[in-house]
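Here is the structure we will look at, set down as structure tokens.
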Amino acid sequence: MTEPVWGPVQQDIVGLLADHPADVPAVVDHLTKLQDLLVRLPPLAESCPLADFNKLYLTITTSVLDGLYDDRFTDPVFLARLDVEFAARYFDALRFWTESSPNTPRAWSCLFKRMRGPDARPLPSAAAGVNAHINYDLPFALVTTFDSLESEPVDGSEQHRDYLEINKIFAERIPELRRGYLEHWQLMIDMLNGDIDDWYQGELVEYTRNVAWRNAQKIWRCRHDPEAIECERKRLDDHAARFGRLLLSPLGAFLQ
């Protein structure tokens, strides 16, 4: 008999993934419940690779929800819909992996495989999840969002400005998040580096999300061509998978 992917919390995770959250508060609730389950996975190590990413994702999504409550965005309908579509792709990847489905994106598989070892450091694990979610999931989430709202990805639009506002949320939360993944000796080096590492990580997130926007525009132009869409899906999946493996490699861990 094949051992359940999620061990003792298998049924709980299957139940959690049985439906998609319909709004941003529900996304936060799903991520919170998932985090509680992931930290219960054996063996009891200091860090669960997927939990390291999920914690980051939960923090950013909670900040987005706060922004929606505080009228931070010009087009909250767009931002809320994008958040839900974005999360749906993450939960779909988790469900495919749970079912041992060949449809599991390769971009995500490289992180999911680390659940059984060898252990990955917290920061590379979180970075690998961000890579899969932004470089692979985000362009398609944008296209689905614009299609459902009968709009389109136009530079300089209200939707684009709200999209860029998320970069500021990352910049606000990156210092706290990044230091939470560091060991004592890494924190000492980080202190000596001053704000350089925070600035670099912020620039990297901004660049990556700008690329995702460009890829969404490219997919949008060919959205009625299934063959072209599949070509783009494979291209982005392959690219994100290669980068994810690098991030999780000894070299990637050293560079971070």
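Checked by atom type, the side-chain pair E206/N167 shows no donor-acceptor distance below 3.5 Å.
Within the 4.5 Å cutoff, no side-chain heavy atoms of F53 are placed close to those of P122. Looking at heavy atoms from C-beta onward, E172 lies out of side-chain contact with S63 at the 4.5 angstrom threshold. Between L50 and L94 the shortest side-chain heavy-atom distance falls below 4.5 Å. D155 places a side-chain heavy atom less than 4.5 Å from the side chain of Q217.
The side-chain contact (heavy atoms from CB on, under 4.5 Å) test with T145 singles out one residue from D147, L149, L142, V143, and that residue is L149.
By the neighbour-count criterion of 12 heavy atoms within 6.0 Å, atom CD of E230 is densely surrounded, having more than that number from other residues, nucleotides or ligands.
Listed by chain and number, the residues in a side-chain hydrogen bond (donor to acceptor under 3.5 Å, both in side chains) with D137 are W108, H133 (sequence neighbours excluded). Partners of T98 according to the side-chain hydrogen bond (donor to acceptor under 3.5 Å, both in side chains) rule, which considers only residues two or more places apart in sequence or in another chain, are W6. Take F96 and apply the ring-ring contact (aromatic ring centres under 6.0 Å, His included) test, not counting sequence neighbours, and it matches no residue.
A distance of 6.0 Å or more separates the ring centres of Y90 and F86. Proximity of the aromatic rings of F78 and F73 is defined here by a centroid distance below 6.0 angstrom, and this criterion is not met.
Taking a cutoff of 4.0 Å between a charged side-chain nitrogen and a carboxylate oxygen, R40 and D36 do not qualify as a salt bridge. Note on E165 versus R161: no salt bridge recorded, every NZ/NE/NH1/NH2 to OD/OE distance being 4.0 Å or above. D29 and K33 are joined by a salt bridge, as a carboxylate oxygen and a charged side-chain nitrogen come within less than 4.0 angstrom of each other.
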